[in-house]
Amino acid sequence: MLNEHYDQPTLPSSGKFFQIFSSPFDREIVALALPALGTLAIDPLLSMVDTAMVGRLGTLQLGALAVATVVFAVMFVGFNFLSYSTTAQVARYYGAEVPDKVGIYTVQALYLALGLGILLAGLGWWFAPQIAQVMGVQPNNFDYFLAYFRWRVLAAPAFMLLMVGHGFYRGIQNLRVPLWVVLAVNLINGGLDYLLIYPLHQGIAGAAIATLIAQVVGALAFVGLMFGGATGHLYHLRSALNVRWQQMRELVRVSGDLFFRSAAIQVSFVVASASAAHMGAVTVAAHQVGMELWVFLAMVVDAIAIAGQSLIGRYLGAGEPQRAYKVGLRMTQWGIALGFVLMGVFWLLRDLLPHLFTSDPRVLHTIASIFLFVVCFQPINSLVFVLDGILIGAGDTRFLRRAATAGALAYIPLALAALTWGWGLPGVWFGLALMMLIRLLTNWLRFQGQKWVVTGEAVPQG
């Protein structure tokens with residue numbers, strides 16, 4: 001419970017550093033991180049099921065799907081700020097025990113999500129042919145791309161509402177509801193995929209329609225639960241339906257900071273992939289394998305980061321800065337420990353993991369040239385992701401935007417230099433390693449400096 005008493009914890013000794021439940025905060029962290037991990041693990045199944053079903057239709061359809069999936073990954077991942085910004089502020093209001101403000105803020109987030117989703121759906125549908133041309137879609141699968149893309153992009157409003165739903169429930173420390181919603185969305189998508197593609201003969205468009213219907217159902221489930229369930233009554237969402245421009249402006253500011261933070265990081269990864277692609281097919285294939293392992297780490301550690309967003313916001317909203325700092329410190333210890341575990345696993349499986357992705361000896365040889373980066377940077381990357389979650393939960397979004405931009409500005413010249421001066425893929429990954437070290441240094445100094453420890457029910461202005 002919010003007012004439950006804790007004795008002020010001391011920092012764990014070196015002998016207890018990696019012991020689970022040696023801190024009074026561990027049970028809270030695990031209670032939030034485990035369902036978050038389940039949600040993160042289930043979520044990618046949408047694209048995997050589409051790929052499996054469409055792959056049986058033919059190579060042209062699968063190629064069209066692959067290009068469309070990349071576009072949606074860039075489009076939709078860039079809008080995860082809706083979830084983060086909602087989590088940070090709702091968690092503060094939850095900690096401060098002001099349910100009316102939870103309702104007002106959440107409704108503004110829903111309005112913003114719906115507006116952005118409608119805009120994105122309209123632009124995506126209208127400019128679908130131009131997007132296909134930019135992505136290099138060939139004439140023989142151009143129609144397949146349009147058939148899938150135009151139906152799938154109509155799910156943008158539902159996707160945006162899903163992001164707010166995740167943020168709301170994370171903010172009120174209930175991650176079981178998002179887990180069940182995501183599971184239901186994937187079950188509906190899988191069943192409709194088969195029905196629409198095969199018995200109803202809708203082809204690749206059927207896969208997109210199935211995803212559209214599943215995400216609309218998920219969005220309606222979130223909204224229905226928020227407005228009509230126990231939480232809807234508790235947080236008075238139905239009495240907060242008017243647009244509140246002051247809260248909307250603050251939401252837009254925080255969301256903008258997080259959007260540009262994500263954009264800086266995504267641009268860095270795009271430049272890395274583009275540099276590798278210019279080095280040849282073998283090099284870019286090896287780079288993609290390395291990035292897949294990197295993304296796997298991000299998914300695992302992001303569960304702790306999500307717990308950080310929720311707990312940090314709650315404690316700061318409740319006016320408990322010492323608990324906020326100490327639970328944040330404990331999460332960094334969890335992040336480092338998990339990073340070392342992953343480092344050990346990756347090293348033990350170093351001869352097996354690359355073979356899961358390719359059997360080409362040239363690609364395997366190139367992967368070997370960067371695998372030490374993948375292995376050795378697991379603890380560093382893990383700590384960076386956890387610190388990001390802590391600072392997002394504190395609403396320290398302007399700092400995160402600037403830190404991510406600084407890392408991108410340091411990395412991009414190195415990636416281009418690796419291409420220009422023939423450093424090969426190790427040069428590209430050396431730049432990525434430097435970027436992560438910069439983010440680690442800036443995030444850690446910010447965390448230890450405790451300027452992010454600002455109490456009160458409102459996210460700080462910056």
Where do [X] and [Y] come nearest, in terms of heavy atoms and distance?
X      : Y      : result
Val384 : Asn443 : O-ND2, 3.8 Å
Leu196 : Ala210 : CD1-N, 3.8 Å
Pro35  : Arg176 : CB-N, 4.4 Å
Ala207 : Asn189 : O-OD1, 4.4 Å
Val164 : Thr86  : O-CG2, 4.0 Å
Ala121 : Val153 : CB-O, 3.5 Å

Can any side-chain N or O of [X] pair as donor or acceptor with the backbone N or O of [Y] at less than 3.5 Å?
X      : Y      : result
Asn381 : Phe377 : yes
Arg92  : Gly313 : no
Asn141 : Gln61  : no
Thr332 : Leu329 : yes
Gln173 : Ser310 : yes

Count the heavy atoms of every other residue, nucleotide or ligand shown that sit under 6.0 Å from CZ of Phe260, and state whether that count exceeds 12.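 Not buried by this count: 12 neighbours or fewer within 6.0 Å.
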Please list every donor-acceptor pair under 3.5 Å in which a side-chain atom of residues 345-355 meets a protein atom from a residue at least two apart or in another chain.
residue : atom : partner : partner atom : Å
Arg350  : NH1  : Trp347  : O            : 2.7
His355  : ND1  : Asp351  : O            : 2.9

Are [X] and [Y] packed together at the side-chain level, in the sense that at least one heavy-atom pair is separated by less than 4.5 angstrom?
X      : Y      : answer
Met343 : Pro379 : yes
Leu40  : Ile306 : yes
Val254 : Gln89  : no
Val182 : His166 : yes
Tyr84  : Asn80  : yes
Ile29  : Leu311 : yes
Ile392 : Thr87  : no
Thr397 : Arg253 : yes

Step through it carefully: locate the ring centre of Phe142, locate the ring centre of Tyr144, and say whether they are under 6.0 Å apart.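 No, the ring of Phe142 stays outside the 6.0 Å limit from the ring of Tyr144, centre to centre.
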Can you list everything that forms a side chain to side chain contact (heavy atoms under 4.5 Å, CB included) with Val363? Sequence neighbours excluded, please.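 Once residues adjacent in sequence are excluded, the partners of Val363 under the side chain to side chain contact (heavy atoms under 4.5 Å, CB included) criterion are Val282, Ala285, Ala286, Thr358, Asp360, Ile367.
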About how many Å separate [atom2] of [Y] and [atom1] of [X], when rounded to the nearest 0.5 Å?
X      : Y      : atom1 : atom2 : answer
Leu400 : Asp396 : CG    : CG    : 6.0 Å
Leu175 : Leu32  : CG    : CG    : 5.5 Å
Ile380 : Gln378 : CD1   : CD    : 10.0 Å
Leu110 : Phe222 : CG    : CZ    : 11.0 Å
Thr366 : Phe371 : OG1   : CZ    : 14.0 Å
Ile213 : Leu154 : CD1   : CG    : 11.5 Å

Could you walk me through whether Trp334 and Phe25 pass the side chain to side chain contact (heavy atoms under 4.5 Å, CB included) check? CA-CA 11 Å; Trp334 274 79; Phe25 298 112; over 6 Å; no
Residues Leu114, Met160; criterion side chain to side chain contact (heavy atoms under 4.5 Å, CB included); working and verdict: CA-CA 7 Å; Leu114 191 60; Met160 302 299 184; over 6 Å; no
Of all pairs that satisfy salt bridge (charged side-chain N to carboxylate O under 4.0 Å, His left out), the ones with a partner from residues 263-276, not counting sequence neighbours: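 Listed by first then second residue: nothing to list.
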Hey, mind stepping through Ser382 and Leu342 against side chain to side chain contact (heavy atoms under 4.5 Å, CB included) and telling me if it holds? CA-CA 9 Å; Ser382 182; Leu342 288 169; 5.9 Å; no
Which residues pass the ring-ring contact (aromatic ring centres under 6.0 Å, His included) test with Tyr194, sequence neighbours left out?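 ring-ring contact (aromatic ring centres under 6.0 Å, His included) check on Tyr194 returns Tyr198.
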With Phe447, which residues qualify under ring-ring contact (aromatic ring centres under 6.0 Å, His included), at least two apart?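 Checked Phe447 against ring-ring contact (aromatic ring centres under 6.0 Å, His included); matches are Tyr325, Trp444, Trp452.
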Arg446 NZ/CZ over Phe399 ring centroid, <6.0 Å and within 45° of normal: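 Arg446 over Phe399 ring: yes.
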How far apart are the C-alpha atoms of Ile209 and Leu192, what are their side-chain angles, what is the distance that settles it, and do they pass the side chain to side chain contact (heavy atoms under 4.5 Å, CB included) test? CA-CA 8 Å; Ile209 295 170; Leu192 288 177; over 6 Å; no
In terms of relative ring orientation, are Phe149 and Phe145 parallel, tilted or perpendicular, with 30° and 60° separating the classes?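 The arrangement is parallel - the two ring planes meet at less than 30°.
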Would you call [X] and [Y] a salt bridge, using N to O less than 4.0 angstrom?
X      : Y      : result
Asp388 : Arg439 : yes
Glu28  : Arg314 : yes
Arg261 : Asp257 : no

Please tabulate, one pair per line, all N/O donor-acceptor pairs under 3.5 Å involving side-chain atoms of residues 405-430, not counting sequence neighbours.
residue : atom : partner : partner atom : Å
Thr405  : OG1  : Arg401  : O            : 2.8
Thr420  : OG1  : Leu416  : O            : 2.9
Trp429  : NE1  : His287  : ND1          : 3.0

Between Arg330 and Gln333, is any side-chain donor less than 3.5 angstrom from a side-chain acceptor?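 Their side chains do contain a donor-acceptor pair, which is all the 3.5 Å distance test asks for.
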